[in-house]
Protein chains: 2
Amino acid sequence: MTMMMHKPSGKGKGSGAMALRHAVLAALLDGEYSGYELAKAFDVGVANFWHAQPQQLYAELTRLEKDGLVTGRQVVQETRPTKRLFTVTDAGLAELQRFAAAAAKPSFIRDDLLVKVQAVDRVDAGPVIAQLEERMAVAAAKTDLFTKILRHLRGDLEEAEFLRTGERIGPYLTCLRGLGFEREHHDWCRSTIAVLRAREKTAGRD
Amino acid sequence: MTMMMHKPSGKGKGSGAMALRHAVLAALLDGEYSGYELAKAFDVGVANFWHAQPQQLYAELTRLEKDGLVTGRQVVQETRPTKRLFTVTDAGLAELQRFAAAAAKPSFIRDDLLVKVQAVDRVDAGPVIAQLEERMAVAAAKTDLFTKILRHLRGDLEEAEFLRTGERIGPYLTCLRGLGFEREHHDWCRSTIAVLRAREKTAGRD
DNA sequence: TCATCATAGTCATCAATCTGACTACTCATG
DNA sequence: CATGAGTAGTCAGATTGATGACTATGATGA
């Protein structure tokens, strides 16, 4: 029976998930960016919800322009190399709208360091503790950075007031998520280090 | 000059990151699992730090066995299909040790839903709110699940006591991270929904 | 002056992950 | 006795993401 055999997956490649694509579109809502500038944005604010290498961004911007979702505008500079600034088009906004309305796949942590902690009873705890400390420092730095970004985004207003009346709160809300994540991460690192340290001292005994 | 040209990247494929591989090894430390059982474990406990489809696990287990990092043991069952149970070998443990000592790459959130929230000022907020609600419910369910898993892992002991003297605390520590993550995620969803709802009511006014 | 950094970007390729479609057997349910 | 759910696993392929190597130029600094 089996009504169909070797049907070559009629899904098409223009409609599916295409992860980076929407992250770039969303980041580009804040203004005109060149690939280079966008790469830097992806290292600070946007990093709360996505991360990508510059090369990926350049490639994605090219594809987005080809599909008419962004437009590029050449800017010749005297002292620096010529750059191309990109803006989201109406089609791009429509695509983003479509994406926002579609079901999101569940999120999950995916972290090398957690894999190491999972195995910490059976491998040397020393290096794991060292990496937890490094991670804790990074998380502390990010917490500071996000706090500053939030302050900058809301300007003079108090948070509650800004969230009620601000014009662009999307970046603020995602940054809040980033802040919460880093704080939680930092706390977990601290208490995990404490646990592992305490056990190292009593190793051999018992 | 440029000392070297088109050198074909002497990195080799046996030594690099190979992400899934170590997650599987770490998960397999808890005992013998078949691919099928491991797939279920990856949907509950292990999901705190990694996620994978069953097909990926089968493929990875095959590779791991080929590389001598796990051994498979065929178990013929009367009533069910024959399965293969896998255990980590000494070489596997050594590999895990090597991995645990190597530098971890920084972790980051990568979440469709955050992309949507980033764009929420420019697209219809309705569907985004609906997805935040769904996500909040999932997070609440996971919080419950992790709380139960933690209780089960520590048995009769209190947490502090278990963390001091327990034999296998790796899974407990990663589960704590998962719990913190889900709680934080849940809270963020709740307050984000509240902000967006309040703004929807006053939309048009002002 | 020579080296390095910052800007701005391209190309090619590899590795990792995800998806859909299969096989095969048993058990319970209607 | 057909239907569907659960157990156990395989195969092929497409999509996504990450990496290394490269080209240019102007400014900064030892």
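Here is how names work: the chains are called A, B, and so on, in the same order as the sequence lines, proteins then strands, and each is numbered from 1. Computed from a predicted structure; not experimentally measured.
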Gap between atoms CG and P, on B:Leu61 and D:dT10 respectively (whole Å): 9 Å

A:Asp43 CG to C:dT7 C1', straight-line distance once rounded to whole Å: 15 Å

Which whole-number value in Å describes the distance from B:Leu57 CG to C:dT19 C1'? 15 Å

Atom-to-atom span, CD of B:Glu60 to C1' of C:dA16 - whole angstrom: 10 Å

Quick one: do A:Asp111 and B:Arg177 make a salt bridge, cutoff under 4.0 Å? no

Without decimals, in angstroms, what is the distance between B:Asp112 CG and C:dC18 C1'? 14 Å

Taking A:Thr89 for the side chain and A:Gly68 for the main chain, is one N or O donor matched with an acceptor at less than 3.5 Å? yes

At under 4.0 Å, does any side-chain N or O of B:Arg110 touch on OP1 or OP2 of D:dA18? yes

Atom CZ of A:Arg63 to atom P of D:dT15: distance rounded to whole Å? 12 Å

Within less than 4.0 Å of OP1 or OP2 of C:dT17, is there a side-chain N or O belonging to B:Gln56? no

Whole Å only: how far is the CZ atom of B:Arg21 from the C1' atom of C:dT17? 15 Å

Can you measure A:Gln53 atom CD to D:dC22 atom C1' for me and round it to whole angstrom units? 17 Å

Should A:Arg84 and A:Glu65 count as an ion pair when the cut-off is N to O under 4.0 Å? yes

Which residues satisfy the ring-ring contact (aromatic ring centres under 6.0 Å, His included) test with B:Tyr172, sequence neighbours excluded? B:Phe162

Report all interatomic pairs (protein N or O, nucleotide N or O of nucleotides 8-12 of chain C) with separations under 3.5 Å.
unit_1	atom_1	unit_2	atom_2	d
C:dA8	OP1	A:Gln77	OE1	3.4
C:dA8	OP1	A:Gln77	NE2	2.9
C:dG9	OP1	A:Arg84	N	2.7
C:dG9	OP2	A:Gly35	N	3.4
C:dG9	OP2	A:Tyr36	N	3.2

